[in-house]
Chemist: 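There's a structure below that I have some questions on.
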Amino acid sequence: MEHYDMHLTLKVWRQPNGNTAGDFKIYEVNNISSEMSFLEMFDVLNERLINEGEDPIAFDHDCREGICGACSMVIDGKPHGPWAQNTTCQLHMRAFKDGDTIVVEPWRAKAFPVIKDLVVDRSSFDRIIQAGGYISVNTGNAVDANSLPIEKKKADDAFAAAACIGCGACVAACKNSSALLFTSAKVAQLSLLPQGAPERRTRVLDMVAQMDKEGFGSCTSTGACEATCPKGISITNIAKLNKEYFWASLTSE
Amino acid sequence: MALDSKIPAGPLENKWSEYKEHCKLINPANKRKLEIIVIGTGLAGASAAASLGEMGYKVKSFCFQDSPRRAHSIAAQGGINAAKNYQNDGDSVYRLFYDTLKGGDYRSRESNVWRLAEVSASIIDQCVAQGVPFAREYGGLLSNRSFGGVQVQRTFYAAGQTGQQLLLGAYSALERQVALGTVTVYDRHEMLDIVKIDGKARGIIARNLITGELERHFGFAVLICSGGYGNVYYLSTNAMGSNVTAAWKAHKQGAYFANACMTQIHPTCIPVSGDHQSKLTLMSESLRNDGRIWVPKQKGDTRKGNQIPEDERDYYLERRYPAFGNLVPRDVASRAAKERCDAGYGVGTSKQAVFLDFREAINRYGKVECGKHGIENPSEEVIREHGLAVIKEKYGNLFDMYAKITGEDPYQVPMRIYPAVHYVMGGLWVDYELMTSVEGLYCLGEANFSDHGANRLGASALMQGLADGYFVIPYTLGNYLANEIYNKPTSTDHPAFAEAEKNVADRISKLMDIKGKHSVDYFHKKLGKIMWEKCGMSRNEEGLKEAIEEIRTLRNEYWNNVRIPGTDKEFNPELDKAGRVADFIELGELMCIDALNRKESCGAHFREDSQTPDGEALRNDEEYMYVSAWEFKEAGDWQLHKEELNYTKLMPTQRNYK
């Protein structure tokens, strides 16, 4: 792979905290290698800002392996940037050309308030899980794992839904800031498995209610969430949730 | 203080059940009054907090991430071992115990390893009951695969995302308890000190990372489940935020630090590409099932991998270790790669890499597939096409990840790999009950030292984290707390809390006031370089002595010349990092001291002055069959305590994978 050096113009959203208004600031960066990851490019810029006595740009990141779901930023209008099925930490600079201008913003959604610069508060996702995204089983007395055979297709589908990393790109991509893809992935995973059956009705009703309470918008099935999801979570999960919700609404007492 | 490991008497097989049957219980009404603090929400922390919450305790759970779901256990790829013997290939508790003890080069505690093997089967049951979607066979039963260093199939997995699925299982159990009100989660919080009253751990000082405010939290017991400290090397496979701070604060409050130098270097990592690199990414060990590792036979060969003919390739693992071949344990594979690169046979621009090649596997699978599909006399292209499909099905996500990072297509050219810092076997010393040398202070998972010895086998870290959290601590903690029900909670106005908080505040002010010339990363990179070069894959006396001096100088420079922007009363990730790197510098020195003391090679600890004539690690059981447990005196001064290791079930032998 040929490597090349780049000069870039970055337009980055700066906001000291949730109570202060933010705006874009422009940074010129030089000698960016095409081999770097996007976050490493930010590291280089931040190192420079620190040396110049400026406040570095705050952004969330941790594993830098595309799985923890911490990194989150909208790059040129797309959550996690231009590459398909990718997280920001796995985006590499060869996605850009020498001389490019890149616009970087935080996730924008009422339910994800800004903490600082590109860092937002996603604890609303935890509260959606608290509303029922689990199976009520205590530690210590589970029956033998193979006493409950599960059809391979169902297990595979459950796994595909369970692969959600909870990054929130689906919300950031949605014009209504809906969290339905995230919620549906968990609902679908647990409703596909026999372990999830007893709490099926209450789970979907409670999780959807919590989602609304957090201020996420409604789904209008435009599919931007699926197109943006770094793990390729399918909107068929939303169809599964809708089916579950309908059935639960009809049968709940 | 003498080290009392509190190993129960009686035969190895019965120790744990005897213990469980005789440990003290607490009545449910009293459990509600007992507050417990859990630091970290990875597999160990989340499973412990969830289980203790279910039992009725009042739990406070802390993590520095924005959600417990992001703890670094989430990045584990390969799988989790369990002695289920579902494959009828002769697996048993004894075999899992044997493989783990041998793999760890006889430097782990026998009773703990046996218990780990014993509870392993229950972990799978528990996770399946939680809805963890493990891979399954067409018959609906769980699927297994094999991993390095063993001869049975006992590894359960969920594609290449086993850690993620197990962690989400524990996380959802934790969130369920949050909803029920038994657990309170403090995310974006960092523990910065232990509060001790009358010699017992009674709480912590935590910092709210959004506001910078210091908080006092009381607990009848404190559990450290904060993971490993591989980031002392700067570049590692750990998450960027992984740190030693919680364990290190505990160490400075009297918890002994054990086997600090035993660091596992994983053989199959994507090589470093430049000075900008912040992080290393692993290619799962499962790739070694099919990939063959080689270097050119000719020194300094600059041809592309595909252009080098078969007879000019040196499959050095197969040559040196015919019995285990490419599946030798991690420490052996790592050293062999380093040896070839040091000798001038490395590949790629940096020459610090070896090839991991799937050509032969593609060909082999392709022929089988053509046979299955009834294709007669298939051309090489057709064979290759079918073979590629099989490889894609098995390892597709890993191949995609490699392509994303390197920009090379691993289906067309051999992967380049090099060893990287991955997992630490050292950590806080704990007894059989997982209590450190401070009363009421416990340590679980990677943060403790007990189960992996000098080298960790694949798929056993997830097992230990969950064993400690789900199945060990729920019993052992009760045994301690049963005597605590007579005590009232201490008010956080107690002078011990005030003093601890003041110490933390003073340290933060001191760091902020330095206003020096260099960023935190500048120092972290320097520390990493010293550690990698002199306390890395191989160590010698001279290098370690130099490293100790260099780290002392670096510590001094750090406290005079680090620059932290912003203030301490706002969201300031640079300040968070600054505190952690200060701890890493102190730890780095201890790691070198520990490595210097151990004049033997064992597992991941390779002393150049202790090797067999053909370059293999040479253990010295006569003099070093002990756990080195270090007591902190003051910065740069430690006292060594030794816990003798006794083996009753199998006698230590030289590891041989030839």
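Residue numbers start from 1 in every chain, and the chains themselves are labelled A, B, ... in the order their sequence lines are given, proteins ahead of strands. Since the structure is predicted, the reported quantities are computational estimates derived from the model, not experimental observations.
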Chemist: Supply the atom-to-atom distance N572(B) CG to D55(A) CG, rounded to the nearest 0.5 angstrom.
Modeler: 7.0 Å
Chemist: Testing the basics here: between F125(A) and Y171(B), what is the closest heavy-atom pair and its distance to 0.1 Å?
Modeler: O-OH, 4.4 Å
Chemist: Is Q165(B) reaching over with its side chain to a backbone N or O of F159(A), donor-acceptor style, under 3.5 angstrom?
Modeler: no
Chemist: In terms of heavy-atom pairs under 4.5 Å with chain B, which of Q85(A), Q90(A), E151(A) leads?
Modeler: Q90(A)
Chemist: Name the option with the most non-hydrogen atom pairs under 4.5 Å to chain B; the candidates are I150(A), D117(A), N17(A).
Modeler: I150(A)
Chemist: Of all of H72(B), E574(B), R563(B), which one pairs up most often with chain A through heavy atoms under 4.5 Å apart?
Modeler: R563(B)
Chemist: Looking at K78(A), I'd like to know if its NZ atom is crowded, meaning that more than 12 non-hydrogen atoms belonging to other residues, nucleotides or ligands lie closer than 6.0 Å.
Modeler: no
Chemist: Report which part of Q164(B) has an atom under 4.5 Å of a heavy atom belonging to chain A: side chain, backbone, both, or neither.
Modeler: side chain
Chemist: For I405(B), which atoms come within 4.5 Å of any heavy atom of chain A: side chain, backbone, both, or neither?
Modeler: both
Chemist: Is F64(B) close to chain A through its backbone or its side chain, or both, or neither, when contacts mean heavy atoms under 4.5 Å?
Modeler: side chain
Chemist: Begin with the C-alpha distance, continue with both residues' side-chain angles, and end with the deciding distance and a verdict on side-chain contact (heavy atoms from CB on, under 4.5 Å) for N138(A) and R176(B).
Modeler: CA-CA 10 Å; N138(A) 282 355; R176(B) 172 177 162 241; 3.2 Å; yes
Chemist: Could you tell me which portion of L142(B) (side chain, backbone, both or neither) has an atom closer than 4.5 angstrom to a non-hydrogen atom of chain A?
Modeler: both
Chemist: Who passes side chain to side chain contact (heavy atoms under 4.5 Å, CB included) against L49(A), sequence neighbours left out?
Modeler: R14(A), Y27(A), L45(A), N46(A), E52(A), E54(A), I57(A)
Chemist: Would you say that more than 12 heavy atoms from the other residues, nucleotides or ligands in this model lie under 6.0 Å from the CG of N141(A), or not?
Modeler: no
Chemist: Could you state the interatomic distance from NE2 (H92(A)) to OG1 (T406(B)), rounded to the nearest 0.5 Å?
Modeler: 8.5 Å
Chemist: Which atom pair, heavy atoms only, marks the closest approach of I135(A) to A129(B)?
Modeler: CG2-O, 3.4 Å
Chemist: In terms of heavy-atom proximity below 4.5 Å to chain B, should S136(A) be classed as side chain, backbone, both, or neither?
Modeler: both
Chemist: Heavy atoms only: give me the nearest R69(B)-I165(A) pair and the separation to one decimal.
Modeler: NH2-C, 3.3 Å
Chemist: Compute whether any side-chain donor of one residue and acceptor of the other, for E47(A) and S519(B), lie under 3.5 angstrom apart.
Modeler: yes
Chemist: Select one option (side chain, backbone, both, neither) describing which atoms of Q65(B) are under 4.5 Å from chain A's heavy atoms.
Modeler: side chain
Chemist: Does any heavy atom of chain B fall under 4.5 Å from the side chain of A163(A), the backbone, both, or neither of them?
Modeler: both
Chemist: Do K116(A) and F571(B) meet the cation-pi criteria used here (NZ or CZ under 6.0 Å from the six-membered ring centre, within 45° of the axis)?
Modeler: no
Chemist: Within the structure provided, determine whether Q189(A) and L168(B) are in side-chain contact (heavy-atom separation under 4.5 Å).
Modeler: no
Chemist: Salt bridge check, R188(B) against D121(A): does any charged N sit closer than 4.0 Å to a carboxylate O?
Modeler: no
Chemist: Do you know the tightest heavy-atom contact between G131(B) and L193(A)?
Modeler: O-CD1, 3.4 Å
Chemist: Which one of A75(B), A179(B), S273(B) has the most heavy-atom pairs closer than 4.5 Å to chain A?
Modeler: S273(B)
Chemist: Which atoms form the tightest heavy-atom contact between P133(B) and A155(A), and what is the distance?
Modeler: CB-O, 4.2 Å
Chemist: Of all of P194(A), A158(A), G69(A), which one pairs up most often with chain B through heavy atoms under 4.5 Å apart?
Modeler: G69(A)
Chemist: When you compare the side chain of Y86(B) with that of D144(A), does any pair of heavy atoms fall below 4.5 Å?
Modeler: yes
Chemist: So how far is it from D187(B) CG to S123(A) OG, rounded to the nearest 0.5 Å?
Modeler: 6.0 Å
Chemist: So, for K404(B) and R94(A), which heavy atoms are closest and what is the spacing to 0.1 Å?
Modeler: O-NH2, 2.6 Å
Chemist: Within the structure provided, determine whether Q195(A) and Q130(B) are in side-chain contact (heavy-atom separation under 4.5 Å).
Modeler: no
Chemist: What part of V143(A) gets closer than 4.5 Å to chain B, counting heavy atoms only: side chain, backbone, both or neither?
Modeler: backbone
Chemist: For K515(B), is it the side chain, the backbone, both or neither that has a heavy atom under 4.5 Å from a heavy atom of chain A?
Modeler: neither
Chemist: CD1 of I129(A) to OG of S67(B): how many Å apart, nearest 0.5 Å?
Modeler: 9.0 Å
Chemist: Which residue out of V128(B), L280(B), D409(B) racks up the most heavy-atom pairs below 4.5 Å with chain A?
Modeler: V128(B)
Chemist: Please flag which part of I50(A) lies under 4.5 Å from any non-hydrogen atom of chain B: side chain, backbone, both or neither.
Modeler: both
Chemist: Sort out for me which of V44(A), V119(A), D156(A), L39(A) touches chain B most, counting heavy-atom pairs under 4.5 Å.
Modeler: V119(A)
Chemist: Below 4.5 Å from any heavy atom of chain A, which atoms of F156(B) appear? Answer side chain, backbone, both or neither.
Modeler: neither
Chemist: Are the side chains of D126(A) and V185(B) in contact, using a 4.5 Å heavy-atom criterion?
Modeler: no
Chemist: Of the listed residues (D60(A), L192(A), D43(A)), which shares the most heavy-atom pairs with chain B below a 4.5 Å separation?
Modeler: D60(A)
Chemist: Assess the residue pair K279(B) and E40(A) against the criterion (salt bridge (Lys or Arg N to Asp or Glu O under 4.0 Å)); give the C-alpha distance rounded to whole Å, side-chain angles, the decisive distance to 0.1 Å, and a yes or no.
Modeler: CA-CA 9 Å; K279(B) 159 83 194 153; E40(A) 284 165 350; over 6 Å; no
Chemist: Under 3.5 Å, is there a donor-acceptor pair linking the side chains of S278(B) and R64(A)?
Modeler: yes
Chemist: Distance check, rounded to the nearest 0.5 Å: L190(A) atom CG versus S172(B) atom OG?
Modeler: 7.5 Å
Chemist: Go through A58(A), S33(A), G166(A) and name the one with the most non-hydrogen pairs under 4.5 angstrom from chain B.
Modeler: G166(A)
Chemist: Do Y522(B) and N51(A) meet the criterion of a side-chain donor-acceptor pair at a distance under 3.5 Å?
Modeler: no
Chemist: Do the side-chain N and O atoms of N146(A) and R136(B) include a donor-acceptor pair separated by under 3.5 angstrom?
Modeler: no
Chemist: How far does CG of D66(B) sit from OG of S72(A), to the nearest 0.5 angstrom?
Modeler: 8.0 Å
Chemist: Surrounding NZ of K154(A) (heavy atoms of other residues, nucleotides or ligands, distance under 6.0 Å), is the total greater than 12?
Modeler: no
Chemist: Test your reading of the model: is there a side-chain donor-acceptor pair from E54(B) to the backbone of T139(A), 3.5 Å cut-off?
Modeler: yes
Chemist: Does any N or O in the side chain of D125(B) come within less than 3.5 Å of the main-chain N or O of A145(A), such that one atom is a donor and the other an acceptor?
Modeler: yes
Chemist: Check whether more than 12 heavy atoms from other residues, nucleotides or ligands sit under 6.0 Å from atom NZ of K569(B), and answer yes or no.
Modeler: yes
Chemist: Could you give me the CA-CA distance, side-chain angles and deciding distance for D62(A) and R70(B), then say whether salt bridge (Lys or Arg N to Asp or Glu O under 4.0 Å) is met?
Modeler: CA-CA 8 Å; D62(A) 200 15; R70(B) 309 211 198 278; over 6 Å; no
Chemist: Can you list everything that forms a side chain to side chain contact (heavy atoms under 4.5 Å, CB included) with C229(A)? Sequence neighbours excluded, please.
Modeler: L181(A), K231(A), I233(A)
Chemist: Name the member of Q161(B), K84(B), M240(B) that forms the most heavy-atom pairs with chain A at distances under 4.5 Å.
Modeler: M240(B)
